[in-house]
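Shown next, in C-alpha cells, is the structure this report addresses.
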2 protein chains.
Amino acid sequence: MKLSTKGRYGLKAMYDLALHYGNEPISLKSIAQRQGISEYYLEQLMAILKKAGLVRSIRGAYGGYLLSRKPSEITVGDVLRALEGPIGLVDCALEQEPIKCLRYDNCITRIVWEKIRDSIIKTIDSITLLDMCNEGRKKTKS
Amino acid sequence: MKLSTKGRYGLKAMYDLALHYGNEPISLKSIAQRQGISEYYLEQLMAILKKAGLVRSIRGAYGGYLLSRKPSEITVGDVLRALEGPIGLVDCALEQEPIKCLRYDNCITRIVWEKIRDSIIKTIDSITLLDMCNEGRKKTKS
DNA sequence: CTAATTCCTATCTGTTTACTCGGATTTATA
DNA sequence: TATAAATCCGAGTAAACAGATAGGAATTAG
C-alpha cells in the first residue's frame, strides 16, 4: 500500500514551489537540492505536473518553474492525481474508469476498497498547498 | 498507491471463511475456486494469516481453514495489517516504527501522509467481516 | 492403505520503479 | 553576439518486486 516516489517527491516539489509563490521562477536544481531528490528524475515529474496544468515553466537562463495557481487553489489531491493517476487501492475501485472484473457486481470486497478510497479522497481534497505552508510556519515559530 | 494481491486476495479469502463460519473447515482449493485465485499462491497468504492468528487450520483429509475468532471480532484492518504490514503510504509515516529520514522533524509532507494514513486506519478498523457478510446478504436479497 | 489436505521451501519470470544520460532548444545577461 | 544556465525530450538500465508455480514432506479421515 505504498505511494511511489512520484507522489512523494512531487508533493515535496510542489510544496517547495508554494513556499516561493509570488517570486521569480525556481530552478529544478535548487528544488532538487533543497528536497534531496535526484535532479534528473525530478525533471520528469515536473513534466507531468506541467502537462497537468499545475505548474508552468520559463525556459532559458534564470528560468525555472512556478505554480500556475495560488497555493490556496491547489490541493494535495490535485498533485497526487496528476502523478499517480486516479485514486484507488485496487483497479476495480478507482475513482475514474474502474476496471470491472467478471465478479464486479457481486463483489463485496470491492465495497470495502471503495470506502477506503473515499476516505482517502476526502482527506487529500481537503488539504491545500497553502495549508501546508501555514503548517510549516507554525513549526518554525515553535 | 495500489494494494498488492496479498491484501486483495487475502480479504476475499477471509470473507469467504466468514461466510462459512461455524461449519466444517474450508479447503484452500474451494476458496481458490470460488474467489478465482491461484491455489498455490493463496496457500502462502493463508500461512501468513495463520501466523498472525487470524485463522487456524486442520490438516489431513477433509481438513481446511477456519476463522480463529468470530467474524464480528475480525476487522479489515486486522487482515490488511497481517498481509501488508503496518499501515502507511510512505515509510516515514507508518503507524508503527516509522523510518525517520534526516529531514524527519522538519518535513511538512510527512504530516500530509500521516493524515491520509489516519483516515485509512479509521475506515479499515471500523469494518468487520460480519459487516461484509451483512452487506452481502443485502445484495442477494435485492 | 489411500486420497485429500496442509505445510514448507525454493525457484522463476515479467513488470515496474527509480534513476541516469546525452543532446537539442531557449533565453537572460555580460 | 557569445556564453552559461536552464528547460525539454527521448532512450536506456539495473535492481527490486509481484505474482505465480513447483515438488515433496507430513498429517489424517475413512
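Below, chain A is the first sequence line, B the second, and so on; all start at residue 1. Keep in mind that this is a model prediction, so the values were computed, not measured. Heavy atoms only: backbone and side chains are in, while hydrogens, waters and symmetry mates are out.
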Rounded to the nearest Å, what distance is computed from the CE atom of residue A:Met46 to the C1' atom of nucleotide D:dC8?
13 Å

Just checking, any donor-acceptor pair under 3.5 angstrom between side chains of B:Lys115 and A:Thr123?
no

Choose from D:dT7, C:dC19, C:dC21 the nucleotide whose nearest atom is closest to any side-chain atom of A:Tyr9.
C:dC19

Is A:Asp91 salt-bridged to A:Arg110, cutoff N-O under 4.0 Å?
no

Out of C:dT6, D:dG19, D:dT7, minimum distance to the side chain of B:Ser27 belongs to C:dT6

What pair of heavy atoms forms the shortest contact from A:Trp113 to A:Val90, and how long is it?
CD1-CG2, 3.5 Å

Any N or O donor-acceptor pair linking the side chain of A:Glu39 to the base of D:dT7 at under 3.5 Å?
no

Check the side chains of B:Thr5 and B:Tyr41 for a donor-acceptor pair under 3.5 angstrom, ignoring hydrogens and angles.
yes

Side-chain contact check for A:Glu43: nearest option of D:dA29, D:dC8, C:dC7 is D:dC8

Regarding B:Lys51, tell me which of base, sugar-phosphate or nothing describes its non-hydrogen contacts under 4.0 Å with the strands shown.
nothing

Does OP1 or OP2 of D:dG19 have a side-chain N or O of B:Thr5 closer than 4.0 Å?
yes

A:Lys29 NZ to C:dT20 P, straight-line distance once rounded to whole Å:
15 Å

Under-4.0 Å side-chain N/O to phosphate OP1/OP2 contact, A:Ser4 with C:dT16:
no

When rounded to whole Å, the CD to C1' distance for the pair A:Glu24 and D:dA6 reads 15 Å

Whole-Å distance, B:Leu28 CG to C:dA3 P, equals 21 Å

Which nucleotide in the set D:dG19, D:dT27, C:dA10 lies at the smallest distance from any side-chain heavy atom of B:Arg59?
D:dT27

Stepwise salt bridge (Lys or Arg N to Asp or Glu O under 4.0 Å) check, A:Glu135 with A:Lys139:
CA-CA 6 Å; A:Glu135 196 86 42; A:Lys139 275 217 164 179; over 6 Å; no

Got A:Ile31 and A:Leu17 here, is their nearest side-chain heavy-atom distance under 4.5 Å?
yes

Nucleotide nearest B:Tyr41 when distance is taken to its side chain, options D:dT21, C:dT6, C:dC19:
D:dT21

A:Arg56 has an atom CZ; how far is it from atom C1' of D:dA6, in whole Å?
16 Å

Closest nucleotide among C:dC7, C:dT5, D:dA4 to the A:Ala61 side chain
D:dA4

OH of A:Tyr62 versus P of D:dT3: gap in Å, rounded?
17 Å

Would you indicate, yes or no, if D:dA18 has its OP1 or OP2 atom less than 4.0 angstrom from a side-chain nitrogen or oxygen of B:Lys2?
no

Closer to the 5' end of DNA chain C via nearest nucleotide, is it A:Tyr40 or A:Ile58?
A:Tyr40

How close or far is atom P of C:dA4 from atom OH of B:Tyr65, stated in whole angstroms?
18 Å

Rounded to whole Å, the CD1-P distance (B:Ile48 to C:dC7) equals 13 Å

Within the structure, does a side-chain N or O atom of A:Ser38 lie under 4.0 Å from either OP1 or OP2 of C:dC19?
no

